[in-house]
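Beneath this line is the structure, given in structure tokens, with notes to follow.
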Amino acid sequence: MSLNIHEKCKERLVEVIADSLEKIDVKNKMFVERMSCVDLVSADSILPTSGRIKSTLQSAIGELPVFEFIYATLSRELTEKFGYDSDIPLSKLTEIDGYQDTADVARRLVNEFDSLPWQYIFSIELNSDIAKLFQESLDNFDISESIAIRKSDDDFSLIYPPKSGIEKRDQSISGSGLGLFSLFTENTWNSKGAFLQIKSEGFVGQYGPDETHTQVIEKLKSFCGLGIALRLFKINAKYRSTPTKAKFFIHKLENENWVVQGKHELDYDISDTFHDLVIHDFDGVLDTQDKQASWVNRKLSDMNTVFSCEDEAKTQKLLLACQWLFESFSGKNELLSFVQTTVVIEILLGDKASSEQVGLGTLLRNRCAYLIGTSQSQRNEILDDFQKIYDVRSKIVHGGKSRLNYVERGLMDKLQWMCRRVIQEEVKLLCEDEQKEA
């Protein structure tokens, strides 16, 4: 559903944007000078200050939707139409072919803006071990309406083509035009691969990350964190002499066809952890592909229950906690990872009203022990360990502790185990609730 901005509002937007376009500077016929677009901010004040349009744009783009949309759209257009031109160090936008008539350009931009939000699919290639299992033993799997795992085959390439037909865009996606490195790149999918796909609606700019990017990355972290907690995945950390960034390839729905728009690279910490995810083998117990395939199907079904739950109140905290769990495995700073892991427990088991009466630490340790402890002795052990864990947390947060010792690293491992077990129990309860309601 498009925004359907009132016609008078659109007319006013065209007027203000047309005046602003005359002041925009462009470097090398390609790079829009962001500060020269500052007058576009005044166009944002024309939009409704509440209601559906306001909330849709804030979710899709952010606080300054007109400014960000026009800056990103012009950046993409100039890059794909002209590319870098060293002979034109700086010019006005209106000096470039196709942009002289500011009223006409403004009207076109406003009509495009009014058609928001747009539909996208973000595709990221999974580890080769996971891909091999899907290629040889598993079918495509819909985890929810917005998340799926797809094998890279002929149908995948047909529905999500790797080329757009726009030369400069395709060069940017493939990495061609980068000297000798371009000899080793091409616009094709790995025929032995598998992709995690995340559907989203909003707006994807030329550079990112914008709100739509951020929401997709958060969903990726929740998926990976939930997979780690449910023991679908384990992290098999590897040294890489030349680390590579994991990439989302982004397709936009245009005239009922998915057209590739670009790619978005994740930062190195997230990329390394994502690349290190492998199917959990339970120390060799899952020693055949059939056993692994059966286990993966079971765990993906549990994940389907979580991500497909219509009652957002039941899953919001759970998915946020999974996001923090993944982040605790991703960072190189062990102190930050320790604190991030305690946040997982606080999200899942914290309660502001109750914690004010009995204290947060006491509340968490008791809830954790009685949720995941299977015997009185194990509960007592968890209670004891949890107290030690929160003592370390306090030293980090309030005392500026600079490093963890050997014993404290062991507590970190126990804390991550506790987080995984709490999430497992929460998922179990959710699955039972869903079965009762079915």
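- Here Asp391 does not pair with Lys388 in a salt bridge; the nearest charged N to carboxylate O distance is not below 4.0 Å.
- Ile235 is listed as a side-chain neighbour of Leu277, based on a closest heavy-atom distance under 4.5 Å.
- Checking Lys219 against Ser200 by side-chain atom types alone, no donor-acceptor pair falls below 3.5 Å.
- The number of heavy atoms from other shown groups lying within 6.0 Å of CD (Gln316) does not exceed 12.
- With hydrogens and angles ignored, the 3.5 Å screen pairs a side-chain donor or acceptor of Asn127 with a backbone N or O of Asp129.
- Residue-environment remark: CZ (Arg52) exceeds the threshold of 12 foreign heavy atoms within 6.0 Å.
- Remark: side-chain polar atoms of His251 are paired, donor with acceptor, to backbone N or O of Pro161 under 3.5 angstrom.
- Judged purely by distance below 3.5 Å, without hydrogens or angles, the side chains of Ser137 and Gln289 pair a donor atom with an acceptor atom.
- If you take OG on Ser172 and CD on Glu80, they are separated by 8.5 Å, rounding to the nearest 0.5 Å.
- A pairwise comparison of heavy atoms in Lys151 and Leu138 identifies NZ-O, 3.2 Å as the closest pair.
- Within the 3.5 Å criterion, the main-chain N or O of Ser308 finds no donor-acceptor partner in the side chain of Glu145.
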Next item on the list: Let me see the working for Arg367 and Ile345 under side-chain contact (heavy atoms from CB on, under 4.5 Å), right down to the final yes or no.
Entry: CA-CA 10 Å; Arg367 285 185 171 179; Ile345 294 289; over 6 Å; no
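- Leu404 has its side chain within reach of Ile396: a pair of non-hydrogen atoms, C-beta onward, lies under 4.5 Å apart.
- Two residues are said to be in side-chain contact when any heavy atoms from C-beta on lie closer than 4.5 Å; Asn297 and Phe141 meet this criterion.
- Between Lys234 and Asp281, at least one side-chain nitrogen of the basic residue sits less than 4.0 Å from a carboxylate oxygen of the acidic one, meeting the salt-bridge criterion.
- To the nearest 0.5 Å, atoms CD1 (Ile382) and NZ (Lys414) are separated by 10.0 Å.
- With salt bridges taken as basic N to acidic carboxylate O contacts below 4.0 Å, none links Asp413 and Arg409.
- No donor-acceptor pair closer than 3.5 Å links the side chain of Lys317 to the backbone N or O of Leu349.
- Summarising the geometry of Ile250 relative to His213, their closest heavy-atom pair is CD1-NE2, 3.7 Å, with the distance given to 0.1 Å.
- Looking at Thr56, its side chain never comes within 3.5 Å of a backbone N or O of Ile53 through a donor-acceptor pair.
- Using a 4.5 Å cut-off on side-chain heavy atoms (C-beta onward), Lys428 and Glu425 make contact.
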Check: Given the rule in the side-chain contact (heavy atoms from CB on, under 4.5 Å) test, do Gln261 and Val204 qualify, once you have shown the distances and angles that lead to the verdict?
Finding: CA-CA 9 Å; Gln261 293 289 297; Val204 173; 5.7 Å; no
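- Using a 4.5 Å cut-off on side-chain heavy atoms (C-beta onward), Phe274 and Leu220 make contact.
- Taking every heavy atom of both residues into account, Leu325 and Ala229 meet most closely at CD2-CB, 4.0 Å.
- Atoms CD and CG, on Glu63 and Asp44 in that order, are 9.5 Å from each other to the nearest 0.5 Å.
- The closest side-chain heavy-atom distance from Ile372 to Trp417 is below 4.5 Å.
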Next item on the list: Quick one: do Ser115 and Asn111 satisfy side-chain contact (heavy atoms from CB on, under 4.5 Å)? Show the steps, please.
Entry: CA-CA 7 Å; Ser115 68; Asn111 286 334; over 6 Å; no
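- No donor-acceptor distance shorter than 3.5 angstrom exists from the side chain of Thr73 to the backbone of Ile70, with no hydrogens or angles considered.
- For the pair Glu33 (side chain) and Ile24 (backbone), a donor-acceptor distance under 3.5 Å is absent.
- Note that CD of Gln197 and CG of Asp142 are 9.5 Å apart. Values are rounded to the nearest 0.5 Å.
- Side-chain atoms of Gln416 do not come within 3.5 Å of backbone N or O of Phe329 as any donor-acceptor pair.
- Asn405 CG: more than 12 foreign heavy atoms inside a 6.0 Å radius.
- A donor-acceptor pair is defined here as one N or O able to donate and one able to accept, closer than 3.5 Å; such a pair exists between the side chain of Ser394 and the backbone of Tyr390.
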Check: Given the rule in the side-chain contact (heavy atoms from CB on, under 4.5 Å) test, do Phe249 and Glu125 qualify, once you have shown the distances and angles that lead to the verdict?
Finding: CA-CA 9 Å; Phe249 294 93; Glu125 189 169 2; 5.9 Å; no
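- Counting heavy atoms of neighbouring residues, nucleotides and ligands inside a 6.0 Å radius, atom CD of Glu310 does not exceed 12 of them.
- Taking the centre of each ring, His280 and Phe282 come in below the 6.0 Å mark.
- Between Thr305 atom OG1 and Glu432 atom CD the span is 11.5 Å, to the nearest 0.5 Å.
- Of all the heavy atoms in Ala194 and Ala131, the pair that sits closest is N-CB, 3.5 Å.
- Tyr268 carries Lys245 over the face of its six-membered ring, with the cationic atom under 6.0 Å from the centre and within 45° of the normal.
- Asp269 and Ser330 share no side-chain donor-acceptor pair at under 3.5 Å.
- Few gaps surround NZ on Lys291; more than 12 heavy atoms of other groups in view lie less than 6.0 Å from it.
- Note: Phe307 and Phe223 have tilted aromatic rings, judged against thresholds of 30 and 60 degrees for the angle between ring planes.
- You'll find the side chain of Tyr370 reaches within 4.5 Å of the side chain of Arg379, heavy atoms only.
- Scanning both residues, Leu40 and Val66, for their nearest heavy atoms gives O-CG1, 4.4 Å.
- By the 30° and 60° cut-offs, the orientation of the rings of Phe113 relative to Phe69 is perpendicular.
- Contact check for Thr341 versus Met418: no side-chain heavy atoms found under the 4.5 Å cut-off.
- A donor-acceptor pair is defined here as one N or O able to donate and one able to accept, closer than 3.5 Å; no such pair exists between the side chain of Ser157 and the backbone of Asp154.
- Remark: Asp276 engages Arg240 in a salt bridge, criterion side-chain N to carboxylate O under 4.0 Å.
- Ring pair Trp189/Tyr160: centre-to-centre distance not below 6.0 Å.
- Dense packing is recorded around NZ of Lys10, with more than 12 heavy atoms of other residues, nucleotides or ligands lying under 6.0 Å away.
- A salt bridge is defined here as a Lys NZ or Arg NE, NH1 or NH2 lying under 4.0 Å from an Asp or Glu carboxylate O, and Arg393 with Glu408 fails to meet this definition.
- Between Arg169 and Ser164, the closest heavy-atom pair is CD-OG, 3.4 Å.
- Taking a 6.0 Å sphere around NZ of Lys395, one finds it holds 12 or fewer heavy atoms contributed by other residues, nucleotides or ligands.
- Taking CD1 from Ile279 and CZ from Phe233, the interatomic distance works out to 5.5 Å, rounded to the nearest 0.5 Å.
- Heavy-atom contacts from other residues, nucleotides or ligands closer than 6.0 Å to CD of Glu167 number 12 or fewer.
- With a 6.0 Å cutoff to the six-membered ring centre and a 45° limit on the axis angle, Arg34 counts as a cation-pi contact of Tyr71.
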